[in-house]
Amino acid sequence: MEKYDVIVIGAGACGLVVANGAVAFGKKVLLIENENWGGDCTNFGCVPSKSIIASSKISHAAKFCTTLGLDKCSFPDAEHVLKRVQDIVSSIRKHEEPDALRKKGIFTLTGRAHFVDSHTLCVIQSDESQSNVQGKYIVIATGSYPRIPDIPGLVNTPFLTNETIFSLSAIPKSLAILGGGPIGSELGQAFLRLGSKTTLIHSHPHLLEREERVAQSLIEKQFLSEGMELELDAKVQSVTFDQNLFTLLVFTNGKTKQIQTEKLLVASGRMPNIQELNLQNAKINFSSSGIPVDCYGRTNVSHIFAIGDVTGPPFFTHRAEHEARAVLTTLILPFWFKKKIDNQAIPRVTYTSPEIASIGLSEEDAEKSYGKKNIAVYHFPLEKVDRAITQSETMGFFRVVTKKYSSQILGATLVAPNAGDMLPIISLAMYKKIPLRQLASLIFPYPTYALGLRQTADLWLKETIATSVKSWFK
């Protein structure tokens with residue numbers, strides 16, 4: 001039986017971080033992947049979705065070029081968009097496949113892994129042959145899979161998920177989406193802009209329920225203005241498929257309506273991928289929500305770690321990589337140098353147009369934690385940012401929640417083009433406990449969208465300090 005210093009189950013973002021890092025420090029590493037080398041982000045998530053979003057932005061710009069003073073713009077042909085997406089995925093994935101990894105010194109096995117005991121794994125390969133391997137340390141990084149809601153008739157239809165939609169050969173004439181979270185919202189707007197008649201069906205009263213109410217309202221208004229059909233606070237009663245059409249019965253606004261569509265995308269969240277691991281054989285604690293871990297990423301079995309989506313939400317690639325870096329440090333250094341996973345606020349971005357980027361507490365959560373009198377919320381509209389005016393992209397805002405007088409940042413929501421690229425300014429300020437007021441002293445280049453952050457910081461002096469001083473004088 002082959003023995004290894006480190007065995008990593010799952011060749012996604014966090015698994016690759018651990019494997020690449022450990023082999024660079026001289027460890028004997030085995031990386032096991034069942035099917036999709038590169039993981040969800042490369043094959044089905046971030047890479048293909050952002051690729052199709054890039055194409056959809058150009059398509060949308062062509063339709064509205066008159067706002068920029070251009071008289072003639074032709075609507076781009078979307079025929080080759082999905083082929084471009086597939087080519088990009090292939091080009092990135094080739095650096096994450098077994099041949100490329102073996103050149104770095106990483107041993108690889110393609111197959112389904114499950115625990116025999118706490119140090120031994122059985123890997124069943126595509127030809128049903130089996131290999132048993134042992135690891136001093138084992139890292140579980142198996143990610144997550146799409147959650148399929150229990151809707152009558154759904155499982156008997158050829159519905160799509162984020163794992164299959166990018167395999168389409170053409171943009172569908174119509175597309176219905178179940179789920180108004182980040183995946184449903186991003187892909188809904190992208191396919192709408194590429195020519196699909198898009199209907200977004202969501203069980204909650206508003207899209208993106210984790211975001212500030214003002215951000216929810218703005219993105220709903222944007223979607224409606226582009227021609228998307230929204231069915232909010234809706235319950236899908238049944239799904240059927242006949243003559244190449246899906247038929248959905250949807251209960252909304254007190255009545256049942258019928259929706260027919262060429263394609264149906266299920267984007268109802270994700271679940272930790274633990275079913276086939278036989279965790280009980282290694283006496284690892286787990287539940288349907290994932291594998292619980294301590295501050296070092298260890299399971300209840302001290303030499304077995306779990307990182308990324310398999311430990312439960314939030315399901316973010318950057319969160320997974322952050323955990324992987326900490327676990328890697330623990331694996332390559334002597335035991336007394338083991339590294340805790342830094343429990344900092346995790347930023348999130350929904351890549352719609354405009355982007356919605358947020359971190360930390362919402363206004364509502366801050367009020368619950370600190371009391372309404374002890375917090376201040378500073379809101380600066382994008383329509384007052386000169387760069388946004390020049391680009392004719394003024395729908396959005398900068399919104400920062402702070403402790404009232406210290407201006408310590410508790411959370412923020414940025415809604416703007418490239419909001420995700422600006423959010424790390426706030427992330428760094430929160431991480432290093434830099435108060436919002438100090439950002440007012442930072443020189444931002446003019447004209448940039450990020451200048452809106454300084455203008456938001458200026459509001460601390462205008463709205464909190466100046467108001468308080470006036471009150472004292474009175």
Side-chain angles (χ1 to χ4, degrees), residues 50 53-54 56-58 60-61 63-70 182 185-186 188-190 192-193 206-208 210-226 228 347-364 376-402 407 409-430 436-437 439-440 442-464:
K50 304 319 167 267
I53 286 170
S56 73
K57 285 183 177 180
I58 299 301
H60 182 71
K63 287 191 287 186
F64 293 93
C65 64
T66 54
T67 61
L68 298 175
L70 301 172
S185 295
E186 289 179 5
Q189 188 182 40
L192 175 72
R193 290 178 164 191
H206 299 285
L207 301 177
L208 302 171
R210 293 186 63 189
E211 303 302 336
E212 291 266 19
R213 180 69 187 88
V214 63
Q216 295 171 344
S217 296
L218 186 147
I219 205 64
E220 289 164 14
K221 180 180 178 182
Q222 178 68 25
F223 284 178
L224 290 170
S225 72
E226 294 185 24
M228 186 183 294
R348 60 182 183 270
V349 184
T350 301
Y351 294 88
T352 48
S353 291
E355 290 182 4
I356 300 175
S358 53
I359 189 172
L361 299 180
S362 65
E363 179 180 1
E364 181 180 354
V377 180
Y378 303 106
H379 183 104
F380 194 83
L382 195 62
E383 63 188 15
K384 292 185 178 180
V385 177
D386 289 354
R387 177 63 183 276
I389 295 170
T390 65
Q391 300 293 119
S392 292
E393 293 182 306
T394 56
M395 180 173 279
F397 57 83
F398 297 83
R399 188 177 180 88
V400 184
V401 181
T402 73
S407 78
I409 301 173
L410 302 174
T413 299
L414 314 182
V415 181
N418 304 317
D421 294 317
M422 294 184 278
L423 189 62
I425 298 173
I426 297 293
S427 300
L428 179 62
M430 292 178 68
L436 179 65
R437 66 178 186 272
L439 295 186
L442 188 64
I443 299 175
F444 286 80
Y446 177 89
T448 59
Y449 286 108
L451 187 60
L453 285 174
R454 197 210 67 194
Q455 292 168 301
T456 306
D458 287 339
L459 295 178
W460 172 79
L461 185 61
K462 297 175 183 177
E463 296 182 0
T464 297

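These numbers come from the heavy atoms of this one structure, side chains and all, not from hydrogens, waters or symmetry mates.
- Using a distance-only test at 3.5 Å, with no hydrogens or angles considered, a donor-acceptor pair links the side chain of E220 to the main chain of L207.
- T413 contributes no side-chain N or O that, together with a main-chain N or O of E212, makes up a donor-acceptor pair within less than 3.5 Å.
- Closest heavy-atom contact between V385 and T448: CG1-O, 3.8 Å.
- Taking OG from S217 and NE2 from H206, the interatomic distance works out to 6.0 Å, rounded to the nearest 0.5 Å.
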Residues Y449, L382; criterion side chain to side chain contact (heavy atoms under 4.5 Å, CB included); working and verdict: CA-CA 8 Å; Y449 286 108; L382 195 62; 4.1 Å; yes
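- Side chains of F223 and L192 form no contact here, defined as non-hydrogen atoms less than 4.5 Å apart.
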Candidate pair D458 and F380, rule side chain to side chain contact (heavy atoms under 4.5 Å, CB included), full reasoning: CA-CA 10 Å; D458 287 339; F380 194 83; over 6 Å; no
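- Between atom CG of residue L361 and atom CE of residue M430 there is a gap of 7.0 Å, rounded to the nearest 0.5 Å.
- Counting only distance, with no hydrogens or angles, the side chain of T390 and the backbone of R387 share a donor-acceptor pair below 3.5 Å.
- Of all the heavy atoms in R348 and R210, the pair that sits closest is NH2-O, 3.1 Å.
- The structure places CD of E393 at 8.5 Å from CG of N418, a figure rounded to the nearest 0.5 Å.
- In this structure, K50 places its NZ atom where more than 12 heavy-atom neighbours from other residues, nucleotides or ligands lie under 6.0 Å away.
- In terms of heavy-atom proximity, M395 sits nearest to P354 at O-CG, 3.5 Å.
- Residues I219 and S185 have side chains not in contact (no heavy-atom distance under 4.5 Å, counting atoms from C-beta outward).
- Identified under the side chain to side chain donor-acceptor pair (under 3.5 Å) test for residues 377-386, with sequence neighbours left out: Y378-T464, H379-R399, D386-Y446.
- The nearest pair of heavy atoms linking S407 to W460 is CB-CD1, 3.5 Å.
- In this structure, CZ on R437 lies 11.0 Å from CG on L461, to the nearest 0.5 angstrom.
- Considering every non-hydrogen atom in both V400 and I426, the closest pair reads CG2-CD1, 4.4 Å.
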Steps toward side chain to side chain contact (heavy atoms under 4.5 Å, CB included) verdict (H60, S353): CA-CA 10 Å; H60 182 71; S353 291; over 6 Å; no
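- Interatomic distance, CG of L439 versus CD of Q455, reported as 13.0 Å (0.5 Å rounding).
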Candidate pair S56 and Q189, rule side chain to side chain contact (heavy atoms under 4.5 Å, CB included), full reasoning: CA-CA 8 Å; S56 73; Q189 188 182 40; over 6 Å; no
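- Applying the 6.0 Å contact sphere to CD1 of I443 captures no more than 12 heavy atoms from other residues, nucleotides or ligands.
- A side-chain N or O of S358 and one of E211 form a donor-acceptor pair less than 3.5 Å apart.
- Put simply, CG on L442 and CD1 on I425 are 7.5 Å apart, with the number rounded to the nearest 0.5 Å.
- Across G420 and V349, no two heavy atoms sit closer than the pair CA-CG2, 3.7 Å.
- For E364, the CD atom is loosely surrounded, since the number of other residues' heavy atoms within 6.0 Å does not exceed 12.
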